[in-house]
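Step one of this worksheet: look at the structure below.
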Amino acid sequence: PYWQPETKALISGLTRESTKAHITRAALEAQGYQTKDLMSAMAGDSGLALSVIRADGGLVANGFVCQFLADILDVPVEVPKITEATAWGAACLAGLHVGVFNGLDDIAARWALDKRYEPQMEEGERTALYEGWRAAIAMIT
């Protein structure tokens with residue numbers, strides 16, 4: 001939501017004790033923070049609050065990311081059995097065209113839950129982490 005495509009990546013808070021694992025975790029956590037920023041912008045524009053996130057794609061194979069996303073958004077994250085929604089959607093459209101499916105409701109009824117991640121983070125920790133993210137963003141915006 002910052003609309004600054006020329007802005008480059010920033011890693012802040014590194015010390016001599018920082019390792020590859022710290023950088024990797026920061027990159028994974030950034031997925032959650034960026035999603036929170038985007039969902040907040042969408043909620044502000046639409047007036048609608050999130051009740052659940054249905055996630056898909058390769059990143060949902062990472063349980064840490066899914067749990068962090070649930071924690072930082074404070075909403076459950078649901079992962080479907082078919083995690084490649086783009087391919088599934090293309091297949092569904094083709095199936096709809098040739099009569100495999102009776103309509104969009106038929107397709108929607110076939111969505112199946114594989115895993116659900118419930119928020120577990122305390123509000124104080126969530127707030128402190130997000131304030132740290134916002135401080136880092138303020139350095140580049």
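Scope of the values below: all heavy atoms of this structure, side chains included, with no hydrogens, waters or symmetry mates.
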Step through the shown structure and confirm whether more than 12 heavy atoms of other residues, nucleotides or ligands are within 6.0 Å of CG on L113.
yes
Before you tell me yes or no, could you show the steps for D37 and W133 under side-chain hydrogen bond (donor to acceptor under 3.5 Å, both in side chains), namely the whole-Å CA-CA distance, both residues' side-chain angles and the distance that decides it to 0.1 Å?
CA-CA 10 Å; D37 289 344; W133 167 257; 2.8 Å; yes
Ignoring hydrogens, what is the shortest heavy-atom contact between V75 and L50? Give both atom names and the distance.
CG1-O, 3.7 Å
SB check R126 E122 (cutoff 4.0 Å)
no
Atom NZ in K115, atom CD in Q67: separation rounded to 0.5 Å?
11.5 Å
Would you check if E29 and Q31 make a side-chain contact, meaning some heavy-atom pair closer than 4.5 Å?
no
Could you walk me through whether D106 and V100 pass side chain to side chain contact (heavy atoms under 4.5 Å, CB included), step by step?
CA-CA 10 Å; D106 185 22; V100 172; over 6 Å; no
Same hydrophobic cluster for L38 and I137, using side-chain heavy-atom links shorter than 4.5 Å among ILVMFWY?
yes
Once rounded to the nearest 0.5 Å, what's the spacing between atom CD of E118 and atom CZ of R116?
4.5 Å
Lys/Arg-Asp/Glu bridge criterion (N-O < 4.0 Å) met for R134, E131
no
CE of M121 to OG1 of T127: how many Å apart, nearest 0.5 Å?
10.0 Å
Less than 4.5 Å apart, side chain to side chain, heavy atoms only: is that true for N62 and L28?
yes
Close aromatic pair by centroid cut-off 6.0 Å: F68 and Y33:
yes
Note, Y117 side chain near D71 side chain (heavy atom, < 4.5 Å)
no
Any chain of hydrophobic side-chain contacts (each under 4.5 Å) joining W111 to W88?
no
Quick one: closest heavy-atom pair of E78 and R54, and the distance?
OE1-NE, 3.0 Å
Do the non-hydrogen side-chain atoms of F64 and R25 ever get within less than 4.5 Å of each other?
yes
Please report the interatomic distance CG(D74) to CD(E123), rounded to the nearest 0.5 Å.
6.0 Å
The reported gap from CD1 in I107 to CG in N102 (rounded to nearest 0.5 angstrom) is 9.5 Å
Looking only at heavy atoms, which two atoms of A55 and P80 are closest? And how far apart?
O-CD, 3.0 Å
Compare all side-chain heavy atoms of L104 with those of L96 and state whether any distance is below 4.5 angstrom.
yes
Mind listing the closest non-hydrogen atom pair of S18 and G13 along with its distance?
OG-O, 4.4 Å
Looking only at heavy atoms, which two atoms of P76 and S51 are closest? And how far apart?
CD-O, 3.4 Å
Check whether any side-chain heavy atom of C92 sits under 4.5 Å from a side-chain heavy atom of F101, and report yes or no.
yes
Using a 4.5 Å cut-off on heavy atoms from C-beta on, say whether the side chain of M42 contacts that of L48.
no
Please round to the nearest 0.5 Å and tell me the distance separating atom OG1 of T15 and atom NE2 of H22.
7.0 Å
Please report the closest heavy-atom contact between G32 and I72, naming both atoms and the distance.
O-CG2, 3.6 Å
Test item: L73 and I53 side chains (from C-beta on) under 4.5 Å apart, heavy atoms
yes
